[in-house]
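Report on the structure given below.
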Amino acid sequence: MKTATIFLLSFVLWAVIPANGQIGSEYFDHHFTEGWQIIPSGVDENLLSVHFASSSSGYIGGALNRCLKSSNGGLNWSAVPVPSYADFNSVWAASSDHAYLGGWDSVYSTQNGGLSWQAAYTQTINYAIHDLQFISPDNGFAFMTWAQMAKTTDGGNSWSLAAGAGFTAWDFFSGFMLDQNTGYAVGDNQVLCKTTDGGDNFQVYEWNGYLDFTGIRIWGVYANSDMNAVAVADSGVIFRTTDGGNYWSRSSIAGTEDNLMDICFINANTGYIVGSNGKVFKTTDGGENWIQEPSVTDNQLNAVFFISETLGWAVGDFGTILRFEGTNSAGDKSRQEFAAKLTISPNPVEKDSYVTFTLKEAKNVRVEVRDATGRVVSVVSDGLLSKGDHSILLNLGTLKNGIYLCHLSSRCDSICKPFVLSR
């Protein structure tokens, strides 16, 4: 029975993370420390939106008035109190001190890093704000229930409804404005439309004969230009236009059980989609083809944002935060060298196991054991370690059998290695 259990847990690990010879191989190092990494959030609420003003400063909005703030690139997060009971489906960070949250019929703003918030009414009654976007410090847009779009021209102090909005009883879930006049909006019950006059009028698109998708929910949209836009929907479906919205191609990049919740492009070619079951997809050709990234969570991901090709974040249900980091700078190279030759042996773990690694220089290093959700379940070591080779016994206590992560960190550097516990 023990042999079967070890085999099953090992199989689960290999199914999630490809490897090239042993559990915790260099492939995992690349895709977990230089790719997507689980960041503990310290909260259990569903996280619904994320936005960064810079590579260091960002905010997260979540269910039940949850707001989180990071000042170190999303490595750590702190809770920010907001005087509201609403779900924050949308967040926009203008700077480390200046941010907006979309709640029920009001946009909340802070000018002092979340110490205090002020609410500005959007001229609607109990309409949820599903998406926020600012194209300049003064000019912003809110996409809401019943296809309403509100606009501000004074930095969020006041909002007015767009004349052509509210044309249907279905909701806007997302919108993307290229400038003050031109943009796209998507939502419930196949709502997909475009405005070229700042919301005075909306052109609604009708699926080009795809009658089998009547009623589908479209959760996100991103436009790289007036001519090029991609929308993501339920059942793993994406819609793409390259002619300004006159024709939308349809394709499926995931299963019918996979709702695609959000999309973000870094440039005209590179973009990401997140959705159900922790799935992440990437394109490098403007959205024509999408490749699934290695999974690091099974929780639904609700929002994704990238500040550059080498730094991005995704958030989801049950307090899930993922952080992406690339390797295109000297700083990234330094992280590759941190804790070189990291191994866990034996793996799978039946009784005692050791984490071994080499430090290029003496430094304070914290060694933790985390569960598959990223929560810390044991602190193995925390203190100054000398330059050279180290071997530390993993303290697994009474942990139940399963997949765990050994996490090493030192200031801004971090690295993880997976292992299987099967006593």
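For this chain, numbers begin at 1 and follow the sequence in order.
Side-chain contact check for Asn228 and Asn224: no donor-acceptor pair (N or O, by modelled atom type) lies under 3.5 Å. Between the side chains of Ser345 and Asn347, no donor-acceptor pair is found at a separation under 3.5 Å. Side chain to side chain, Thr358 and Asp389 meet the donor-acceptor criterion of an N or O pair below 3.5 Å. Defined by atom type and a distance below 3.5 Å, a donor-acceptor pair is present between the side-chain atoms of Asn72 and Ser70. Residues Ser57 and Ser71 bring no donor and acceptor atom of their side chains to less than 3.5 Å of each other.
In this structure, the side chains of Gln133 and Asp131 stay at 4.5 Å or more apart for every pair of heavy atoms. Residues Val107 and Leu132 meet the side-chain proximity criterion, which asks for heavy atoms closer than 4.5 Å. Between Tyr121 and Asp105 the shortest side-chain heavy-atom distance falls below 4.5 Å. Two residues are said to be in side-chain contact when any heavy atoms from C-beta on lie closer than 4.5 Å; Trp77 and Ile321 meet this criterion.
Ring centroids of Trp117 and Tyr108 are separated by 6.0 Å or more, keeping the two rings apart. In this structure, Phe306 has its ring center under 6.0 Å from that of Phe324. Less than 6.0 angstrom separates the ring centroid of Phe176 from the ring centroid of Tyr222. In this structure, Phe357 has its ring center closer than 6.0 angstrom to the ring center of His390.
Remark: Lys69 engages no residue in a salt bridge (Lys or Arg N to Asp or Glu O under 4.0 Å) (not counting sequence neighbours). Here Asp258 pairs with Ala254, Ser276, Asn277, Lys279 under the side-chain contact (heavy atoms from CB on, under 4.5 Å) rule; sequence neighbours left out. Judged as a salt bridge (Lys or Arg N to Asp or Glu O under 4.0 Å), and not counting sequence neighbours, Asp171 has no contacts. In this structure, the side-chain contact (heavy atoms from CB on, under 4.5 Å) partners of Ser136, at least two apart in sequence or on a different chain, are Asp138, Asn139.
Pairs passing the salt bridge (charged side-chain N to carboxylate O under 4.0 Å, His left out) check and including a residue from residues 107-121, sequence neighbours excluded, do not occur. Within the structure, salt bridge (charged side-chain N to carboxylate O under 4.0 Å, His left out) pairs that include any residue of residues 57-67 comprise Glu45-Arg66 (at least two apart or interchain).
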Worked verdict on Trp219 versus Asn302 for side-chain hydrogen bond (donor to acceptor under 3.5 Å, both in side chains): CA-CA 9 Å; Trp219 293 103; Asn302 298 311; over 6 Å; no
Please determine whether side chain to side chain contact (heavy atoms under 4.5 Å, CB included) holds for the pair Val355 and Leu393, giving the CA-CA distance in whole Å, both sets of side-chain angles, and the decisive distance to 0.1 Å. CA-CA 7 Å; Val355 53; Leu393 176 66; over 6 Å; no
Checking side chain to side chain contact (heavy atoms under 4.5 Å, CB included) for the pair Val280/Leu301: CA distance, chi angles, key distance, verdict? CA-CA 8 Å; Val280 180; Leu301 299 175; 3.7 Å; yes
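Panel note: side chain Asp243, backbone Tyr247; a donor-acceptor pair is recorded below 3.5 Å. When atom types are taken as modelled, the side chain of Thr283 and the backbone of Asp285 share a donor-acceptor pair closer than 3.5 angstrom.
Ring pair Phe202/Phe172 is tilted by interplanar angle, where 30° to 60° counts as tilted. Ring geometry for Phe52 versus Trp313: interplanar angle under 30°, hence parallel rather than tilted (30 to 60°).
When the options Ile273, Thr270, Val230 are evaluated for a side chain to side chain contact (heavy atoms under 4.5 Å, CB included) with Phe265, the one that passes is Val230.
Environment of CG in Leu384: crowded, with over 12 heavy atoms of neighbouring residues, nucleotides or ligands closer than 6.0 Å. Within a 6.0 Å sphere centred on CD of Gln292, heavy atoms belonging to other residues, nucleotides or ligands number more than 12.
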